[in-house]
Amino acid sequence: MDKQVRVRFAPSPTGALHIGGARTAYFNWLFARKNQGVFVLRIDDTDRARSTEESYRQILDSFQWLGIDWDEGPDCGGPYAPYRQSERTEIYRSHLQKLIAEDKVYPCFCSAEQLQADRDEAAREGRPPRYSGRCRNLSPEERARRLSVGDPHVYRLRTDGGGETVVHDLIRGDVVFQNSEIDDFIVWKADDSPTYHFASCVDDLAMQITHVIRAEEHLSNTPRHVALFEAFAAEPPVFAHVPMILAPDRSKLSKRHGATSVSEYRDMGILPEALVNYLLLLGFSPGDDREIVDRETAIELFSLDRVAKHAAVYDVKKLEWLNAHYFRAQSPDVVIDQIWKQIVHLGYVAPDEVDRHVLAWLRTVVEFVQTRSRGTADLIEGMRPYFEPVTTYDEKGVRKQFSDKATPERLRAVAQRLAGVAPFTAPVIESSFRALIDELGLKAGQLIHPVRLALTGVTVGPGLFDVIAMLGREETCERLATAANRIDAGTIAAQ
RNA sequence: GGCCCCAUGGUCAAGUGGUUAAGACACCGCCCUUUCACGGCGGUAACGCGGGUUCGAAUCCCGCUGGGGUCACCA
């Protein structure tokens, strides 16, 4: 019987959660859920200078929003607590002591400046920038002496330099590294804290992590990690390095590439379902041609051997398409909840609105506009004509729909006809409207389009008779009159 | 620069020696229709290059080119 699967995602709280990190976390989560395993959230905040509490909160928020939950973590605890590296220093220290006792690590007194100079020289001479080994073979006496006088020092792992290390990667197969490529790297910093490599391996060991699923940027570091596990006489976990997500110019993702963090997409109105679906498809294929894959289906389908090997360039257009799909599938009530703060801010509704007529009408407007929106931004833009007076008219629309000299008189005719329509519902409006079209000897579009423009200021939107019904008789007639007057007065072209 | 990974349309991505080389987004056209969106139908568009292996290579091997990563007292 195999051990229980335990995976982890270990972000460092030095910024927002990136979509690359989110995808890696999602893959870990899917793998855990698929294999009845445990998903651990660990905070790698060994970099005290750059880690912030705000980033920590933001990362947790982003995961919650995405619908990715964890079984063990800093907020909910677990059998291997604590889950923040900054609170595990003593655990690292005891592991370091063990390695010191076994002479598997040694103190190095080289200064950062000295090491930099070494690297510069190596670069000039075209040699690989590896540690010289200057402090590797100090005599015990010398070591003890410098330690006792408090010389600043780090600790390095004593690597043997021979043979090769094979990383068994579930996505890439066996990757072979010559051990001569690996120098005596630092595991403990001069400020008396562990390096990332050290803390990460100690935690993966202590937390019984069985599979390390992480970004490809760590593949080159993996032989170091394997060396560390060997120093602890432990079996390394199974590795799987997922490809990176690249910006549209094929460079590494950074702020200058626009939205790269989960929170930015949330602020843009992207739904978590859409983002998670998109991230899944970026680097993973279900094998068939389905594109819409929700979390539950993804759990069923997920398998590391269907994860791509090559980096992917993200494409916001496809994300938006997915978002449109999920957005339209929502009930208007859910949508209203999502946009409530914004429409309150715009003054479309009172923050404490309770009038059922107002709410029912709002629901109707949302219902009609939602079906042709890709997200909340579109929706709110499309709702505008029903909440704000029309002050400008679409320029191209004006040229096309208001150019006929008869337009003002036709708009007035419509207003006059509609003034007598009751009940003021779409079907009744439509029959009356179409009768007028016949009387005027026009084609439907000849009257419908100018009226839409006069009523909403734009050339797109729900069916005209629904628009008229939503605006109501009084408002409709008023807007028609206003438009007619402004055409006559020539105050539209100026817009 | 050394080492490591990768390489199918603009983007995502099926494909594991024999296919007319899927599908999706985007783009274009047509249909539906009072507009837009949705939906339906159709179209443009790909195996980076060069050598092998093989009766036969997108698929296997080598080289090259290109992209990415890593070599920190960052993670």
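The chains referred to below are lettered A, B, ... by the order of the sequence lines, with proteins before strands, and numbering in each begins at 1. The structure presented is a predicted model; accordingly, all values stated were derived computationally and were not measured.
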| said: Which nucleotide, if any, forms a Watson-Crick or G-U wobble pair with B/rC32, using both distances under 3.5 Å? | reply: none
| said: Is it the case that the side chains of A/D404 and A/T407 hold a donor-acceptor pair, with the cut-off being a distance below 3.5 Å and no angle test? | reply: no
| task | Grab the CG-C1' distance between A/N277 and B/rA13 for me, whole Å please. | result | 14 Å
| query | Which part of the nucleic acid does A/S220 contact within heavy-atom distance under 4.0 Å: base, sugar-phosphate only, or nothing? | reply | base
| said: Once you apply a heavy-atom cut-off of 4.0 Å, does A/R50 come out as touching a base, just sugar-phosphate, or nothing? | reply: base
| message | Using atom P in both nucleotides, what's the gap between B/rU16 and B/rG50 to the nearest angstrom? | response | 24 Å
| field | Candidate nucleotides B/rA75, B/rG68, B/rA72, ranked by approach to the side chain of A/R119 - the nearest | value | B/rA72
| task | Let me know the distance between CD of A/Q116 and P of B/rC73, rounded to the nearest Å. | result | 9 Å
Distances under 3.5 Å between nitrogen or oxygen atoms of protein and nucleotides 41-48 of chain B:
none

| query | Could A/E121 and A/R130 be called an ion pair, given the rule that one side-chain N must be under 4.0 Å from one carboxylate O? | reply | no
| said: Considering every strand and a 4.0 Å limit on heavy-atom distances, what is the contact class for A/G382: base, sugar-phosphate, or nothing? | reply: nothing
| said: Any base atoms under 4.0 Å from A/T46, or only sugar-phosphate, or nothing? Heavy atoms, all strands. | reply: sugar-phosphate
| Taking the six-membered ring of A/F327, is NZ or CZ of A/R374 closer than 6.0 Å to its centre and within 45° of its axis? | no
| said: Taking the P atom in each of B/rU35 and B/rG48, what is the distance between them to the nearest angstrom? | reply: 44 Å
| note | Between NE2 of A/H310 and P of B/rC12 the distance, given in whole Å, is 6 Å
| said: Mind checking if A/Y278 touches a base, just sugar-phosphate, or nothing, with heavy atoms under 4.0 Å? | reply: nothing
| message | Here's one to test your reading of the geometry: is the NZ or CZ of A/R146 within 45 degrees of the ring axis of A/F109 and under 6.0 Å from its centre? | response | yes
| message | Between B/rU11 and B/rA46, how far apart are the two P atoms, rounded to whole Å? | response | 12 Å
| request: For B/rU19 versus B/rA58, give the span between their P atoms, rounded off to a whole number of Å. | output: 9 Å
| request: Can you sort out which residues in residues 164-180 of chain A have a heavy atom within less than 4.0 Å of RNA chain B? Ascending by number, please. | output: A/R172, A/V175, A/V176, A/F177
| message | Strictly by Watson-Crick or wobble contacts shorter than 3.5 Å, is anything paired with B/rC64, and which nucleotide is it? | response | B/rG48
| request: Using a strict 4.0 Å threshold on nitrogen-to-oxygen distance, state whether A/R93 and A/D192 make a salt bridge. | output: yes
| task | Starting from the 5' end of RNA chain B, give me the residue, A/R306 or A/A444, whose nearest nucleotide shows up first. | result | A/R306
| query | When we call it a touch if two heavy atoms are under 4.0 Å apart, what does A/V313 touch: a base, just sugar-phosphate, or nothing? | reply | sugar-phosphate
| request: Have a look at A/P462 and say if it touches a base, only the backbone sugar-phosphate, or nothing, with a 4.0 Å heavy-atom cut-off. | output: base
| said: Please classify the nucleic acid contact of A/E291 as base, sugar-phosphate, or nothing, using heavy-atom distances under 4.0 Å. | reply: base
| query | What does A/H218 touch in the nucleic acid at a heavy-atom separation under 4.0 angstrom: a base, only the sugar-phosphate, or nothing? | reply | base
| query | How is A/R48 classified with respect to the nucleic acid when contacts are heavy atoms under 4.0 Å: base, sugar-phosphate, or nothing? | reply | nothing
| message | Whole angstroms only, please: what is the CG-P distance between A/D305 and B/rG15? | response | 10 Å
| task | Using a 4.0 Å heavy-atom cut-off across all strands, classify A/L282 as base, sugar-phosphate, or nothing. | result | sugar-phosphate
| query | Looking across every strand, which nucleic acid part, if any, lies under 4.0 Å from A/R290 by heavy atom: base, sugar-phosphate, or nothing? | reply | nothing
| The side chain of A/R452 lies closest to which of these nucleotides: B/rA75, B/rU34, B/rA13? | B/rU34
| What string of B, S and - do you get for nucleotides 59-64 of chain B, 5' to 3', if B is base contact, S is sugar-phosphate-only contact and - is no contact with any protein heavy atom under 4.0 Å? | ------
| Which part of the nucleic acid does A/A312 contact within heavy-atom distance under 4.0 Å: base, sugar-phosphate only, or nothing? | sugar-phosphate
| Test item: side-chain donor near acceptor, A/S373 and A/Q370, under 3.5 Å | no
| task | For the pair A/F239 and A/F229, name the ring-plane relationship: parallel under 30°, tilted 30 to 60°, perpendicular over 60°. | result | perpendicular
| Roughly how many Å is it from CG in A/N221 to P in B/rC3, rounded to a whole number? | 17 Å
| query | Which one of A/R134, A/R136, A/R158 satisfies the side-chain hydrogen bond (donor to acceptor under 3.5 Å, both in side chains) criterion with A/D184? | reply | A/R136
| task | Between B/rG63 and B/rG69, how far apart are the P atoms? Round to whole Å, please. | result | 23 Å
| Given the C1' atoms of B/rG29 and B/rA22, what is the spacing between them in whole Å? | 23 Å
| message | Over all strands shown, is A/K252 touching base, sugar-phosphate only, or nothing at heavy-atom distances under 4.0 angstrom? | response | sugar-phosphate
| Do A/W188 and A/H153 touch side chain to side chain, with heavy atoms closer than 4.5 Å? | no
